[in-house]
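The sequence lines fix the lettering, A, B, ..., with proteins before strands; numbering per chain opens at 1.
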2 protein chains.
Amino acid sequence: MHSDVVASRSAEHRDSRESRTGGGPQLDAVSLAIIEQLQEDGRRPYAAIGKAVGLSEAAVRQRVQKLLDQGVMQIVAVTDPLTVGFRRQAMVGVNVEGDVESVADALTAMSECEYVVMTAGSFDLMVEIVCEDDDHLLDVINRRIRAVPGVRSTESFVYLRLKKQTYMWGTR
Amino acid sequence: MHSDVVASRSAEHRDSRESRTGGGPQLDAVSLAIIEQLQEDGRRPYAAIGKAVGLSEAAVRQRVQKLLDQGVMQIVAVTDPLTVGFRRQAMVGVNVEGDVESVADALTAMSECEYVVMTAGSFDLMVEIVCEDDDHLLDVINRRIRAVPGVRSTESFVYLRLKKQTYMWGTR
DNA sequence: CGCCAAGGCTGCGAAATCCGCAAGTCTCGG
DNA sequence: CCGAGACTTGCGGATTTCGCAGCCTTGGCG
């Protein structure tokens, strides 16, 4: 029944929290299936999940708890920012001279920066900004981001319309 | 004994120029508070939420259900794509000739496009792509996206490292 | 002004779920 | 051969969910 499950549980708990790029702790097919269930409905009962993935309720409970503890997934409410009062969003491309990492850390510390990623290409960093209004956005971009040491230049892409936003990784 | 949060029940006369893009029902302070609770923990019991926002368990349940039905929020599991087997991600800027909307729709229909937004700036669209490997990414960008009628050019920013990814809108 | 419908809230049992725990199985490695 | 880890089954008790019957307030309307 739950046979195809057997995967590598060898290097499960590696200490490296930095391993993002290299691929994190291996997840077997069952954990993947559990995550998919919770991506459809974060409040689905453990018993129902167990039935769907071929595990007992207790086992699902344990695995979910572990996935949460390990930080592999989190169960949260997500909203459209516009409906909760954030009227301006923008993607900002950043060019850096010197240490990209330290700039990224500085941006990460800003609450308005919802998403920070280091990239290859004509930008070193891409940052998604969520603001309440134009003034707020202007302040963040021109005064805060450009004030970070090492930031050479920025280019902004103000959001006109959000067309798609999914959280269905692994559900394909 | 209603509490602190409920204070502004009758004073919700803020200038509600509802912005079009997200449109949607005005959220009062209580619903906001409920959302914040669920952003911290999507599985938090209704009774606990009620205690926190000053409402009964049943009332919280009804409001949450309505928020879900209305599509204002969804409760889901979110993960780091890298830990679930998607090793290549990229942000792609797209320039369009002709109808931007129809191109956006075409991209939205692709399962690999996790995030699609229409922007102002040197790109008409920004698209986040989630792929399993380099071949997959190459295929999506060069063969699928560029094949969409109206796409004039694209520029890719391959993710090197995800530094921050939050879902705490409204929790500031 | 009085009446009524609608929406939102509370309170309350009943059903379902969560949670911890114990005992037994199975597999993998040392 | 034995221990560790993961899973299962089973089981209560605590907690949570859920449906429903009121209650109150608001707003429309004759």
Per atom distances to the A:K66 side chain, the nearest of D:dA6, C:dC12, D:dT8 is D:dA6
In whole angstroms, the gap separating C1' of C:dG20 from CZ of A:R61 amounts to 7 Å
To the nearest angstrom, the CD-P distance between A:E57 and C:dC18 comes to 7 Å
Between CZ of B:R63 and C1' of C:dG7 the distance, given in whole Å, is 11 Å
With A:R88 as partner, the option from A:D135, A:D134, A:D133 fulfilling salt bridge (charged side-chain N to carboxylate O under 4.0 Å, His left out) is A:D134
Between CD1 of B:I49 and C1' of D:dC18 the distance, given in whole Å, is 15 Å
- Message: Students often mix this up, so state it plainly: with edges at 30° and 60°, are the rings of B:Y115 and A:Y159 parallel, tilted or perpendicular?
- Response: tilted
From CG of B:L38 across to P of D:dT16 the rounded distance in Å is 14 Å
Thinking salt bridges, do A:K164 and B:D105 make one under a 4.0 Å N-O criterion? no
From OH of A:Y46 across to C1' of D:dT17 the rounded distance in Å is 15 Å
Among C:dC9, C:dT17, D:dT9, the one nearest any side-chain atom of B:S56 is C:dC9
Next on the checklist: Please determine whether a side-chain nitrogen or oxygen atom of B:R43 lies at a distance below 4.0 Å from atom OP1 or OP2 of C:dT17.
Outcome noted: no
Whole-Å distance, A:K51 NZ to D:dT9 P, equals 11 Å
By nearest-nucleotide position on DNA chain C, the 5'-leaning member of A:P45 and A:A58 is A:P45
Taken to the nearest whole Å, CD/A:Q65 to P/D:dA6 is 14 Å
Legend entry - A:R44 side-chain N/O to C:dT17 phosphate OP1/OP2 under 4.0 Å: no
For a salt bridge (Lys or Arg N to Asp or Glu O under 4.0 Å) check, start with the C-alpha distance between A:R144 and A:E112, then their side-chain angles and the critical distance, and finish with the verdict.
CA-CA 10 Å; A:R144 312 259 309 277; A:E112 290 89 349; 3.5 Å; yes
